[in-house]
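The analysis underlying the following values was restricted to heavy atoms, covering all of them including side chains, and did not include hydrogens, waters or symmetry mates. In what follows, every chain begins at residue 1, and chains take the letters A, B, ... in the order their sequences are listed.
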Amino acid sequence: MTEKPNKMQTNNLNFFYKDFHALYDINLPVRQNAVTALIGPSGCGKSTFLRTLNRMNDVINGSKAKGEVLLDGKNVYDADVDPVDLRKKVGMVFQKPNPFPMSIFDNLAYGPRIHGIKNRGRLNEIVENSLKDAALWDEVKDRLQQSAMGLSGGQQQRLVIARVLAVEPEVILMDEPASALDPISTSKLEDLIYQLKENYTIVIVTHNMQQAARVSDYTGFFLNGEMVEYDVTNTIFTAPRDKRTEDYITGRFG
Amino acid sequence: MVRESFQEQLNQLRDNILRMGNLVERAIELAITSLKKHDVDLAEKVVMDDEKIDDLEQTIEKQCLTLLALQQPMARDLRFISTALKIDTDLERMGDYACNIAKIVLTLGNEPFIKPLVDLPRMAETAQEMVRDNLKAYVNRDKELAIKAAEKDHAIDNLYNQIFRELLVLMTNNPRNIRQATYLLLVARHLERIGDHATNFSEWIIYMITGELVELNE
């Protein structure tokens, strides 16, 4: 596989929740138009790390990041970076689908409206394209005015992804996006991730190692706040270099 | 230790590979002994015993496929199981060649040899050594030993070329030698192929240990 350019890169990133040192010197490249998976046992810091990429941790009192998180070469923790603007570029999808209690259409138009788009025709266009890109259009096109809460879990998760797409992000962060979904919805979501990487850069945290193996191009293994190993996914799952990675992915941990 | 029952199944798989390897090594030895001694009974035993090797091959295949389907093995486990699937086939082929040699013994019967058999037993002995060393390397995860085992294939190839030339001369000198010489040449050819499969065995052991696919004796 030819190495893709870095969309993001962390340099000696450390993270603290008050006195608790959660991440130690993480140096991880996020390659453009590729899927990077972060794996590791609960509490290893992978979700914390994911949230540093768009400063979602900022809202937690007493949290502090040290080191760099570069997006296109610019440190997102620089004083002149607007976190709201950053989160538009680096969108996020969570474990449990969180549609807003409003219509499917309004869920999707919400972001663009906040960013100042009022024109009805333009909004229609954004809603349709986002739903198509999220592979949900065919299932909901006749009921856009109905509540998003009536969708199935898998549809809700794709709706949330469509909502992220509606604000035209460059990077999409996914935190356990399939853990609440059944196998069919999971397959659809994985197919979607595969399609999305053509136009977006994706970082996904998952407990499901088979899922990481299936969807990602690169994988980082986290343990106790450190990144033990990072490599092409194929290598991580067939011949990892570090014994700790080997023990974790073969299920011989502890 | 987590995944104890899975580890137990991997151990069973390893034991079956060892069992099969031992049967194959024995088959090569008995086949060449039956040839040397014109021992038709022994040759028949080799042919019969090949069924055991074939049965084991199927057992191992089923074990591997079940483990792949049910356990989603990764990393060293994945390499261990895929290696078992590959060497299983190589061992089965080696067993077939030993069986083919035994069938030639049955065809030749008591016919006196047109020349003393020296190099053929040497080839067989080297092939056996390759299998033995590989089995040891496989169990002990010994990369160096696997490489050393594969190197012995050069000796087998040299002996094969020597036998080929020798038999060619015998055939040229006396057309009545052609029938037996052809059979002996086939025996040599089978042993040479056994050496090639034993080399594959070495390569898969190295893959199992390191994750690298290597080509030995290119």
Side-chain angles (χ1 to χ4, degrees), chain A residues 1 35-44 46 176 178-179 181-183 186-187 190 204-224 227-254, chain B residues 1-15 17 63-89 137-144 146-147 200-216:
Chain A
M1 185 158 42
V35 179
T36 302
L38 309 179
I39 59 169
S42 296
C44 67
K46 58 193 188 300
E176 294 272 353
S179 62
L181 304 183
D182 69 64
T186 299
S187 299
E190 289 177 3
I204 178 171
V205 162
T206 175
H207 269 122
N208 180 335
M209 273 178 296
Q210 275 72 37
Q211 180 169 70
R214 284 192 298 265
V215 304
S216 72
D217 304 292
Y218 302 91
T219 298
F221 170 59
F222 281 66
L223 186 65
N224 299 329
M227 188 169 72
V228 171
E229 188 165 351
Y230 166 88
D231 212 320
V232 173
T233 295
N234 187 20
T235 304
I236 292 282
F237 287 98
T238 58
R241 277 172 286 122
D242 196 288
K243 175 140 192 336
R244 290 167 293 175
T245 316
E246 179 107 52
D247 285 348
Y248 181 69
I249 63 172
T250 58
R252 283 180 182 73
F253 205 72
Chain B
M1 171 74 99
V2 198
R3 300 196 84 178
E4 239 170 86
S5 76
F6 175 49
Q7 188 58 50
E8 179 53 37
Q9 290 176 59
L10 293 178
N11 291 346
Q12 284 170 10
L13 178 60
R14 180 201 59 204
D15 292 347
I17 290 281
Q63 275 182 305
C64 290
L65 294 173
T66 304
L67 285 167
L68 287 174
L70 303 185
Q71 300 284 352
Q72 289 95 43
M74 294 281 193
R76 67 184 289 163
D77 298 334
L78 181 65
R79 301 202 304 274
F80 181 80
I81 295 166
S82 45
T83 296
L85 261 180
K86 297 296 288 191
I87 58 184
D88 176 53
T89 311
Y138 174 74
V139 176
N140 300 329
R141 305 178 63 84
D142 185 341
K143 183 182 160 187
E144 298 310 315
I147 293 172
N200 291 350
F201 191 172
S202 303
E203 290 170 355
W204 282 106
I205 293 168
I206 290 165
Y207 172 74
M208 178 182 81
I209 299 168
T210 66
E212 274 166 59
L213 291 167
V214 292
E215 196 74 52
L216 298 169

Which portion of B:Arg76 sits near chain A, non-hydrogen atoms under 4.5 angstrom: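 Interface part for B:Arg76: both.
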Under 4.5 Å from a heavy atom of chain A, the part of B:Thr210 involved: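 For B:Thr210, the backbone is the part near chain A, not the side chain.
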Exam field: side chain A:Glu246 to backbone B:Ala75, donor-acceptor pair closer than 3.5 Å: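 Judged by distance alone, no pair lies under 3.5 Å.
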Whether B:Arg3 side chain and A:Thr250 backbone form a donor-acceptor pair below 3.5 Å: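 Between the backbone of A:Thr250 and the side chain of B:Arg3 there is a qualifying donor-acceptor contact (under 3.5 Å).
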Choice from B:Met74, B:Gln71, B:Gln72 maximising heavy atom contacts with chain A below 4.5 Å: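 Most heavy-atom pairs within the cutoff with chain A belong to B:Met74.
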Within 6.0 Å of CG in B:Asn140, more than 12 heavy atoms from elsewhere: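 Buried by this count: over 12 neighbours within 6.0 Å.
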For A:Ala239 against B:Gly211, the heavy-atom pair lying closest together: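 The pair with the smallest heavy-atom distance is CB-CA, 3.9 Å.
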